[in-house]
Amino acid sequence: MVTVLFFASLRERLGTGREMVPLAAPNATVSMLVESLRAREGPWSEAFAPGKAWRVAVNQRMASLATPLAAGDEVAFFPPVTGG
Amino acid sequence: MPIVRVQEADFDTGRELESLTRGRTDVGAVASFTGLVRASSEGSAVSAMTLEHYPGMTERALEEICREAHGRWDLIDTLVIHRVGSLAPGDRIVLVGVSSAHRGEAFAACEFIMDYLKTRAPFWKREDTPAGARWVEARESDEEAARGWE
């Protein structure tokens, strides 16, 4: 299992800020997790549609689709940042 | 040394900047930036702003940005205070302070820290407007400013 967090507009659109997701395979990647989220109904397929601008962090560091995932990791999805 | 705080409470700009110089005689320059909530944005009135962050990662990102500034310039201290939660027009959002022996380093590092904060630190702004609440969109001009330091 990995902990998946959603922030800001993504959290609002998906209606959740946090959930536990099982890893599909021992050598899972962010890309595989995104595919499983995209395969869901309703707002999920829309939010993770190809070309949508979102960022991903693994264990609180910026990551990419190729980043490997292990049990216990914290994965966060969020829109481009707008602080300052 | 980077000093980073993310907090709901307001801060006293004068007192925070004074903390960079109190009790020392090696500081020749302090440069600072203060960001404030404006009452209008993208052509519509803004009555309130809510700032969301990613507890843990946000602080870490700010510390990394400050450490990178220390690596690029000869600095004495860097300070970043960023507010989260509900803010009103006129409220302070962020303070960046940089101390160094000479002004050139302090000016450059202060701008660098803000440019990187804008594009790398996980904060998100939501504005309340007459048409409802909306999430602020990231600006390409901010990305360009950050790329200018690469």
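Atoms considered below: every heavy atom in the structure, side chains included; atoms not considered: hydrogens, waters and symmetry mates. Just so it is clear: chains get the letters A, B, ... in the order the sequence lines come, proteins before strands, and each one is counted from 1. The shown structure was predicted, so the numbers you read here are calculated from the model rather than taken from an experiment.
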Least distance between heavy atoms, B:Tyr54 atom then A:Ala76 atom: CE1-CB, 3.4 Å

Closest approach of A:Phe7 to B:His53 (non-hydrogen atoms, all atoms of both residues): CE2-O, 3.5 Å

Looking at [X], I'd like to know if its [atom1] atom is crowded, meaning that more than 12 non-hydrogen atoms belonging to other residues, nucleotides or ligands lie closer than 6.0 Å.
X: B:Met1; atom1: CE; value: no
X: B:Arg147; atom1: CZ; value: yes
X: B:Arg72; atom1: CZ; value: yes
X: B:Phe11; atom1: CZ; value: yes
X: A:Arg18; atom1: CZ; value: no

Most contacts with chain A, counted as non-hydrogen pairs under 4.5 angstrom, among B:Ile93, B:Val94, B:Val136: B:Val136

For chain A, the option from B:Arg83, B:His82, B:Met114 that forms the most heavy-atom pairs under 4.5 Å: B:His82

Between CZ on residue B:Arg126 and CD on residue A:Glu12, distance to nearest 0.5 Å: 5.5 Å

Engaged part of B:Arg134 at the chain A interface, taking heavy atoms whose separation is under 4.5 Å: neither

Portion of B:Glu64 that has a non-hydrogen atom of chain A nearer than 4.5 angstrom: side chain

Proximity of residues 53-65 of chain A to chain B, residues having a non-hydrogen atom under 4.5 angstrom: A:Ala57, A:Asn59, A:Gln60, A:Arg61, A:Met62

Expected output: side-chain B:Trp124 to main-chain A:Pro79 donor-acceptor under 3.5 Å: yes

